[in-house]
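Written below as structure tokens is the structure these notes are about.
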Amino acid sequence: METPTRIILVSLLFLLFIQSMAIDGSYNVVVLGAKGDGLTDSTKSFLSAWAAACGFPKPATIYVPKGIYLVKQAQFVGPCKSDAITFKIDGTIVAPSDYKANGNASFWLQFWKVDGVSIFGGLLDGQGTGLWDCKASGKICPIGTTTLGFTNSNNIAITGLTSLNSQLFHLAFNGCNNVKLQEVNISAAGNSHNTDGIHVQFSSSVAILNSNICTGDDCVSIGPGTTNLRIENVFCGPGHGISIGSLGKVLQEEGVVNVTVKNVTFRDTQNGARIKSWGRPSKGFVKDVLFQHATMINVQNPIIIDQNYCPSNIDCPGQVSGVKITDITYQDIHGTSATEVAVKFDCSKMNPCSGIIVQDVNLTYKNQPAKSTCTNAAGTVIGLIEPTMCL
Ligand SMILES: *[C@@H]1O[C@H](CO)[C@@H](O)[C@H](O)[C@H]1NC(C)=O
Ligand SMILES: *[C@@H]1O[C@H](CO)[C@@H](O)[C@H](O)[C@H]1NC(C)=O
Ligand SMILES: *[C@@H]1O[C@H](CO)[C@@H](O)[C@H](O)[C@H]1NC(C)=O
Ligand SMILES: *[C@@H]1O[C@H](CO)[C@@H](O)[C@H](O)[C@H]1NC(C)=O
Ligand SMILES: *[C@@H]1O[C@H](CO)[C@@H](O)[C@H](O)[C@H]1NC(C)=O
């Protein structure tokens with residue numbers, strides 16, 4: 001066959017092939033050139049799959065077959081024509097092993113302004129150990145990237161995803177509405193720096209369900225502007241526990257309202273149920289929080305409100321927190337504390353905590369009732385309580 005005819009024929013076949021995929025809106029990253037050998041840079045294929053799915057006017061699917069795919073820093077940007085894009089991932093996606101490869105990017109994989117994205121399955125390996133070692137050695141190191149971020153996005157569902165060894169946070173949601181995470185498995189070493197499991201801020205209606213989070217920093221960290229958050233049936237540990245805060249770093253700050261944390265087991269964590277604010281002026285607040293049915297196993301601070309956070313004593317010594325904390329309920333919290341003080345309410349002198357309800361709490365230290373300490377905190381005690389409550 002002469003070359004021009006051949007080129008035309010091949011082009012035609014290729015067009016037909018692209019069209020045949022587009023008919024049902026399914027895009028397989030391997031068909032688009034990705035290689036599951038763990039070595040070949042497959043970033044472009046993932047981005048082409050995204051571009052095609054995003055531009056498809058109906059529900060679309062991106063399929064990642066079994067295999068290990070090396071993907072560099074990538075942004076999946078909307079808005080899209082498709083209002084339902086599903087990632088079905090049977091394989092592993094790995095970040096470059098050189099922690100300098102992503103430069104100063106904040107995210108390894110970031111979704112931005114998307115609506116209706118679902119992820120089923122998959123393992124994301126952030127290859128963070130090199131960066132943790134760098135940080136632990138005291139050298140000057142990059143901050144690192146968050147493994148998976150959703151920014152200004154709505155109607156997100158993530159089911160059965162595993163995130164391993166993130167450089168920085170594992171999953172982060174910023175400016176999102178209606179997010180459901182289920183059966184998420186997060187794992188990083190207990191001594192890794194800033195590897196928060198899931199971070200939520202400026203977001204509403206986020207649910208984190210039936211998940212397992214072992215990490216070096218907060219299990220879930222809850223930032224300003226979080227409303228209607230539900231965390232249920234989660235295991236945390238090792239790590240720093242579930243933390244509302246740090247809040248009140250700046251003066252003008254949105255509050256945290258309506259958070260429910262239900263049936264969580266904390267094992268060998270630094271904190272259990274924590275609320276933390278900087279000792280600095282702020283208009284921030286926390287309101288309507290329920291911690292219910294928690295099991296503490298060897299937790300250093302099972303129940304703690306700390307409004308005097310001032311790391312390295314920079315920019316805050318001598319100041320008091322402006323963050324107002326009201327209507328916080330602790331109900332059916334039991335287990336063992338790793339320190340004598342199992343309940344600590346250290347609230348702001350200017351804005352005492354109010355409406356704290358402690359009900360059916362039983363925390364022991366070395367088989368003895370633990371202790372509680374209160375500063376500027378007021379509330380109600382209901383039912384059988386150990387330690388005796390200082391409220
Ligand atoms: C990262 O940011 C620092 C400070 O802004 C800059 O010096 C450095 O060149 C940046 N590195 C990369 C890889 O962009
Ligand atoms: C979670 O991931 C870790 C690390 O890959 C694995 O050891 C563990 O079995 C997983 N757990 C579940 C419930 O999938
Ligand atoms: C609190 O959040 C839950 C979702 O976690 C929602 O169902 C409920 O309606 C919210 N309550 C109020 C008063 O907004
Ligand atoms: C509590 O959460 C655990 C997972 O951490 C789950 O196995 C258990 O079934 C949950 N219990 C209830 C009553 O939902
Ligand atoms: C608290 O738990 C301990 C150990 O399980 C038990 O001996 C004690 O009676 C419990 N106290 C209350 C008030 O339920």
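Counting convention: from 1, in listed order, for ligands and their atoms alike. Below, each value reflects all heavy atoms present in this structure, side chains not excepted, and no hydrogens, waters or symmetry copies.
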Do the charged groups of Arg274 and Asp218 touch, with an N to O distance under 4.0 Å?
-> yes
May I ask you to decide whether Lys72 forms a salt bridge with Asp41, counting only side-chain N to carboxylate O separations under 4.0 Å?
-> yes
Under 4.0 Å to a heavy atom of Arg230 - the qualifying atoms of ligand 3, by number = 5 (O)
Mark up the atoms of ligand 3 that fall under 4.0 Å of a heavy atom belonging to Asn258, in ascending order.
-> 1 (C), 2 (O), 3 (C), 8 (C), 10 (C), 11 (N), 12 (C), 14 (O)
Any residue meeting side chain to side chain donor-acceptor pair (under 3.5 Å) with Gln359, in chain and number order, not counting sequence neighbours | Gln331
Using the test side chain to side chain donor-acceptor pair (under 3.5 Å), find all partners of Asp327 that sit at least two apart in sequence or belong to another chain.
-> none
Review item, side-chain donor-acceptor pairs of residues 84-97, under 3.5 Å, at least two apart:
unit_1: Lys88; atom_1: NZ; unit_2: Asp90; atom_2: OD1; d: 3.3
unit_1: Asp90; atom_1: OD2; unit_2: Tyr63; atom_2: OH; d: 2.6

As a test of reading the model: which N/O atoms of the protein lie under 3.5 Å from N/O atoms of ligand 5, and at what distance?
unit_1: ligand 5; atom_1: 2 (O); unit_2: Asn362; atom_2: OD1; d: 3.3
unit_1: ligand 5; atom_1: 2 (O); unit_2: Asn362; atom_2: ND2; d: 2.3
unit_1: ligand 5; atom_1: 11 (N); unit_2: Asn362; atom_2: ND2; d: 2.8
unit_1: ligand 5; atom_1: 11 (N); unit_2: Glu386; atom_2: OE2; d: 3.4
unit_1: ligand 5; atom_1: 14 (O); unit_2: Asn362; atom_2: ND2; d: 3.3

Does the ring of Phe285 carry Lys324 above it, NZ/CZ under 6.0 angstrom from centre and within 45° of its axis?
-> no
Are the side chain of Asp37 and the backbone N or O of Leu39 linked by a donor-acceptor pair below 3.5 Å?
-> yes
